[in-house]
Number of protein chains: 2
Amino acid sequence: MRTSIREVARRAGVSVGTVSNVLNRPDLVADATRDRVKAVIEELGFVRNEAARSLRQGAGRTLGVIVEDIANPYFTDVARGAEAALNAGGFDAIWCTSDGSPEKERRCLDFLEEQGVSGIIMTPVALDAARVARLRTRGLPVVLIDRRIPGAGACSVAVDHVAGGSLAMRHLISLGRTRVAFVSAEPEPPSVRQRRGGALRSLARAGYSSDSVLYVAEAEMTANAGQLAARRLLDHGTLPNGIFCANDLMAIGLVNELTRNGVKIPQDVAVVGYDDIDLASTAVVPLTTVSQPRRELGRIATELALTDADNRHVVLGPELVVRESAS
Amino acid sequence: MRTSIREVARRAGVSVGTVSNVLNRPDLVADATRDRVKAVIEELGFVRNEAARSLRQGAGRTLGVIVEDIANPYFTDVARGAEAALNAGGFDAIWCTSDGSPEKERRCLDFLEEQGVSGIIMTPVALDAARVARLRTRGLPVVLIDRRIPGAGACSVAVDHVAGGSLAMRHLISLGRTRVAFVSAEPEPPSVRQRRGGALRSLARAGYSSDSVLYVAEAEMTANAGQLAARRLLDHGTLPNGIFCANDLMAIGLVNELTRNGVKIPQDVAVVGYDDIDLASTAVVPLTTVSQPRRELGRIATELALTDADNRHVVLGPELVVRESAS
DNA sequence: ATGAAAGCGCTAACAA
DNA sequence: TTGTTAGCGCTTTCAT
């Protein structure tokens, strides 16, 4: 059986209230008493029962974080940024993984609500406005990463993907690579669609027709999917001279497959990724990519969640990181 | 304010006990009543307060999982395996990340204990036997992944790393690659030391001197560290003709760097990794590696945790996956 | 089949 | 400065 505050009180010869004070407002307790109680706590290895605490207080000191895919370095980096900020603020994080499934996302939300978290940070998959609105009415701050749900009162932190796509495309254009392919996923996440939109617009603005833009979509956004995309492009006949991938993982799989087939990067094809994950800089051909301030994203999300702001939307600027794969 | 069971009871015109029964033992409740209560629950979006529930019941239906490094695909795969099994058993997981820091590990344990989890699965960093023993006395099952702590009563699930290292080395030997380097980390995790031990023994058994085995250690076990190791080997003068890396991430960074420098893999150097992460098969040179049944590892850990076994130790067998990098 | 009520461990308001 | 106590929301036992 777990030792309770009562047992500590008994052994220290004080009341439960005093033990509670030692735990929560030590300055109210006389030095001698405090030391004695602390010694007993230490001796017994007492750990406060958080269930009772948050039941009593009505709110815990934990935030829920729902991540779409734990295997994707992009998400894990955002998560780390969030956790760091959160710990700094004396909070703890409860992680959940939605695995991109709306069903699992619902389960995660239920779980977090049951746990009585005092805020939720998430990368939404198929979140409906009603559910968010309900959370908001309950006084739960909800911060969405990289997506907005209009009219639900939730905050969001996002990167300007249109700008990011534009950045990537303008770089390809500056290298004279205007016969481009866009490697994406189907269904295409909103953020990726925005990147593509920004890219196409830049192409058009530079006076090039976007008719010739190849669109390759795979089922996922993994290295494996990138490899499949590369195979498809190779089979297609003539290769484009520039490729913009939906994310770095895909770019890595694609670059590897192209390299294996004797395609020279960037000479034959310039490749641009998105995210600037750790692996990007150590790829066979170090990857030119669009950097998203991921840790920062997590940090700001945490701040919004902790301040319980309403309807605040922060947009961060992406940055082009030029490496060998497109230079 | 969160709606409570009382509010549901009031609106449905029943007592709180009945609502509780609808939630937990629906068969005890008359059909009509049950439907009415369920309708109200739906309408109000009622979510059970888990704090109160587990306070009352003394134990929750959640397990704590402490992962060393959320960015390492090895751990995330184990975690996924664990979560799947756990959900199947009607449990939920609370994740924590120790980031390889003993200090943070302690915090995670405190947090999980406070949360009242009914078991802990972890990849220990610097866990002391006393702490584990205390958890065990409290009736908390503790399952360690890939490490044992003698005499604390905790269970463990591990892969036979000596066998794994041996597998890798014997394969290199069969390819005639006996001038080998071992790429590791400093400090060297026990599991990696075992792999190296197995490898060296196989070398000796095959009648080769292990004097010439190069030992390269970096600070981490990341792709970046692998790249640094490759640089070191390149600077060293003559390259070995076989390299065994402590894990796939290092192997990937190393293979990339070697490839960039015109080293042909496997012709000039054969490379073997460890883990068989997703990226291994799509690497520029698809990676020969030792596969650990990671999901399985997670699954078994969960089972041990849920059955509250004592001192049970499961050892799984690794498997050699031959791909181009050593063939 | 349903209701009434005790009590899980803790915090905070109040009393001493 | 310390003690006493109500009550957070729920489950469960015992009546009805």
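Protein chains get the first letters and strands the later ones, always in sequence-line order, with residue 1 at the start of each. What you are looking at is a predicted structure, and each value in this text was computed from that prediction instead of being measured.
- For B:Val29, taking side-chain heavy atoms from C-beta onward, the closest of the listed nucleotides C:dT2, D:dT4, C:dT11 is C:dT2.
- In this structure, the nucleotide among C:dA12, C:dA1, C:dC10 sitting nearest to the side chain of B:Ala30 is C:dA1.
- We find that CG of A:Asp31 is positioned 9 Å from P of D:dT1, with the value rounded to whole Å.
- Here the closest heavy-atom approach between residue B:Arg11 and residue B:Leu44 is recorded as CZ-CD1, 3.7 Å.
- The side-chain heavy atoms of B:Ser4 and B:Asn49, taken from C-beta on, include no pair separated by under 4.5 Å.
- Comparing D:dT11, C:dA12, D:dG9 by their nearest atom to the side chain of B:Leu55 picks out D:dG9.
- Of the candidate nucleotides C:dT11, D:dT4, D:dT11, C:dT11 has the atom nearest to the side chain of A:Arg53.
- Between B:Arg48 and the phosphate of D:dT11, there is a side-chain N or O to OP1/OP2 separation shorter than 4.0 Å.
- Going from atom CZ of A:Arg6 over to atom C1' of C:dG7 covers 10 Å, rounded to whole Å.
- The 5' end of DNA chain C is approached more closely, in terms of each residue's nearest nucleotide, by B:Val16 than by the other of B:Val16 and A:Asn24.
- In this structure, A:Glu7 places its CD atom 11 Å from P of C:dC10, rounding to the nearest Å.
- Here the shortest heavy-atom pairing between A:Cys96 and A:Cys108 reads CB-SG, 3.3 Å.
- Distances from the side chain of A:Arg56 to the nucleotides C:dG9, D:dG3, D:dT11 place C:dG9 closest.
- Closest contact between the side chain of A:Gln57 and the listed nucleotides D:dC10, C:dA12, D:dT11 involves C:dA12.
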request  = With side chain to side chain donor-acceptor pair (under 3.5 Å) as the test, would you mind laying out the steps for A:Arg136 and A:Asn311 before giving the verdict?
outcome  = CA-CA 10 Å; A:Arg136 299 288 302 129; A:Asn311 251 318; over 6 Å; no
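- Listed pair A:Thr18 / D:dG3 meets the phosphate criterion, a side-chain N or O lying under 4.0 Å from OP1 or OP2.
- Across the protein-nucleic acid pair, B:Leu23 atom CG and D:dG9 atom P stand 15 Å apart, rounded to whole Å.
- Atom pair A:Leu28:CG and C:dA13:C1' shows a separation of 13 Å (rounding to whole Å applied).
- Side-chain N/O atoms of B:Ser4 include none lying less than 4.0 angstrom from OP1 or OP2 on D:dG9.
- Distance, B:Gln115 CD to C:dG9 P: 17 Å, rounded to whole Å.
- With a 4.5 Å cut-off on side-chain heavy atoms, A:Thr123 and A:Tyr74 do not count as touching.
- Contact check on B:Lys38 versus B:Glu42 returns no salt bridge, with no Lys/Arg side-chain nitrogen under 4.0 Å from an Asp/Glu carboxylate oxygen.
- For A:Thr33, the listed nucleotide lying nearest its side chain is D:dT2; candidates were D:dT2, C:dA4, C:dA12.
- Take the nearest nucleotide of DNA chain D for B:Ala51 and for B:Arg25: the residue whose nucleotide is more 5' is B:Ala51.
- Among the heavy atoms of the strands lying under 4.0 Å from B:Val14 are primed sugar atoms or P, OP1, OP2 only; no base atom is included.
- The side chain of B:Asn49 lies closest to D:dC10 when the candidates are C:dG3, D:dT12, D:dC10.
- Residue A:Ile5 has its side chain nearest to C:dT11 when only D:dG3, C:dT11, D:dT11 are considered.
- For the pair A:Arg10 CZ and C:dG9 P, the computed distance is 14 Å after rounding to whole Å.
- At whole-Å resolution of the value, CZ in A:Arg34 and C1' in D:dT1 are 12 Å apart.
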